[in-house]
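Reviewing the structure listed below.
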2 protein chains.
Amino acid sequence: MSVVLRPSQALRLWQLVSLAEVTGGAHDLSFRQAAILLTVYLDPPPHTVRGLASRLGVTKPVITRALDTMGAMKLVSRHRDENDRRNVLVRRTVEGALYVERFGDVIIARAAELPA
Amino acid sequence: MSVVLRPSQALRLWQLVSLAEVTGGAHDLSFRQAAILLTVYLDPPPHTVRGLASRLGVTKPVITRALDTMGAMKLVSRHRDENDRRNVLVRRTVEGALYVERFGDVIIARAAELPA
DNA sequence: CGTTTTTGTTTCGGAACCGTATCATTGAAG
DNA sequence: CTTCAATGATACGGTTCCGAAACAAAAACG
């Protein structure tokens with residue numbers, strides 16, 4: 001039990017971070033896209049389409065399309081698995097790492113400003 | 001400075017909450033929609049299209065469309081302002097209040113589980 | 001009155017995304 | 001070699017959303 005939040009703090013934190021992302025002109029990610037992006041960046045590789053679909057409880061086309069979009073945003077990249085060429089491995093990018101890092105900073109900053 | 005988070009905790013929290021929303025079959029809101037919804041529920045009324053557009057730094061049609069969608073989801077409702085009939089007042093709904101309350105519980109639960 | 005300003009909605013072409021179903025490629029099994 | 005299974009992408013019809021522009025309704029102003 002390391003991080004303790006009250007209801008008003010939890011919701012206010014989410015509001016302030018969301019507002020910061022919107023007004024900051026960042027990518028307008030959905031919950032699904034955010035879940036995919038952060039899973040790729042926080043969980044140990046390898047990440048496959050099937051694995052991500054299973055982790056999120058959605059169908060494979062959902063992942064394929066999200067990777068299309070976030071690939072165009074340069075947030076992730078796709079590569080064939082040379083050991084089993086049926087697999088596609090989802091990997092991090094420099095731009096994606098910068099985006100995630102900056103996003104973490106936004107969360108921390110807004111959390112620090114929350115009223116007690 | 002009431003809530004202190006380290007970078008890995010901040011990002012992990014966002015991942016776990018996003019995953020919980022996706023796997024839980026909840027609405028797949030975008031940052032914009034979340035910012036609108038939480039602003040309506042956390043900031044004092046009245047909320048107008050113009051005010052929300054200004055708060056988020058987006059154009060009015062963006063708000064109109066988001067209200068269309070979230071209205072269909074029963075998360076918010078629209079009413080004419082009888083004092084100034086040019087205004088549309090965005091109000092909370094029972095379903096929306098339940099959704100927001102449950103969402104806050106998800107954040108708190110995931111925050112409590114974060115490794116120190 | 002008529003004109004101007006304010007507010008919110010609608011329209012336009014184009015892009016993203018949905019769920020379901022199907023397809024292409026690859027690997028495994030007989 | 002020939003099925004069969006697994007993986008990911010694609011096709012389909014439909015919805016949502018985009019920014020920019022035009023629009024309708026209501027209020028304010030003269």
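Source: prediction; values computed, not measured. By convention in this document, chain letters (A, B, ...) are assigned in the order of the sequence lines, proteins followed by strands, and residues within each chain are numbered from 1.
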Determine, step by step, whether B/Arg55 and B/Asp43 satisfy the salt bridge (charged side-chain N to carboxylate O under 4.0 Å, His left out) criterion, reporting the C-alpha distance in whole Å, the side-chain angles of both residues, the deciding distance to 0.1 Å, and the verdict.
-> CA-CA 11 Å; B/Arg55 184 92 159 93; B/Asp43 288 0; 3.2 Å; yes
With sequence neighbours left out, the residues meeting side chain to side chain contact (heavy atoms under 4.5 Å, CB included) with A/Thr64 are A/Val49, A/Asp68, A/Arg78
Which part of the nucleic acid does A/Gln33 contact within heavy-atom distance under 4.0 Å: base, sugar-phosphate only, or nothing?
-> sugar-phosphate
Dump the intermediate steps for side-chain contact (heavy atoms from CB on, under 4.5 Å) on B/Gln15 and B/Ser18, then the final yes or no.
-> CA-CA 5 Å; B/Gln15 179 203 15; B/Ser18 298; 5.9 Å; no
Show which side-chain atoms of residues 100-109 of chain A pair as donor or acceptor with protein atoms under 3.5 Å away, not counting sequence neighbours.
| residue | atom | partner | partner atom | Å |
| --- | --- | --- | --- | --- |
| A/Arg102 | NH2 | A/Glu21 | OE1 | 3.2 |
| A/Arg102 | NH2 | A/Glu21 | OE2 | 3.4 |

Side chains of A/Val58 and A/Arg32: does their closest heavy-atom pair fall under 4.5 Å?
-> yes
For residues A/Tyr99 and A/His27, establish whether the separation of their ring centroids is below 6.0 Å.
-> yes
How long is the line joining CD of B/Glu82 and P of C/dT7, in whole Å?
-> 17 Å
Contact state string [nucleotides 7-14 of chain D, B base, S sugar-phosphate only, - no protein heavy atom under 4.0 Å] = BBSB----
Round to a whole Å and report the spacing from CG of B/Asp81 to P of C/dG8.
-> 9 Å
Figure out the CZ/P separation between A/Phe31 and C/dA16, and round it to whole Å.
-> 22 Å
For A/Asp28 and D/dG19, what is the distance between atoms CG and P respectively, to the nearest whole Å?
-> 9 Å
Expressed in angstrom and rounded to an integer, what is the separation of B/Arg32 atom CZ from C/dA16 atom P?
-> 14 Å
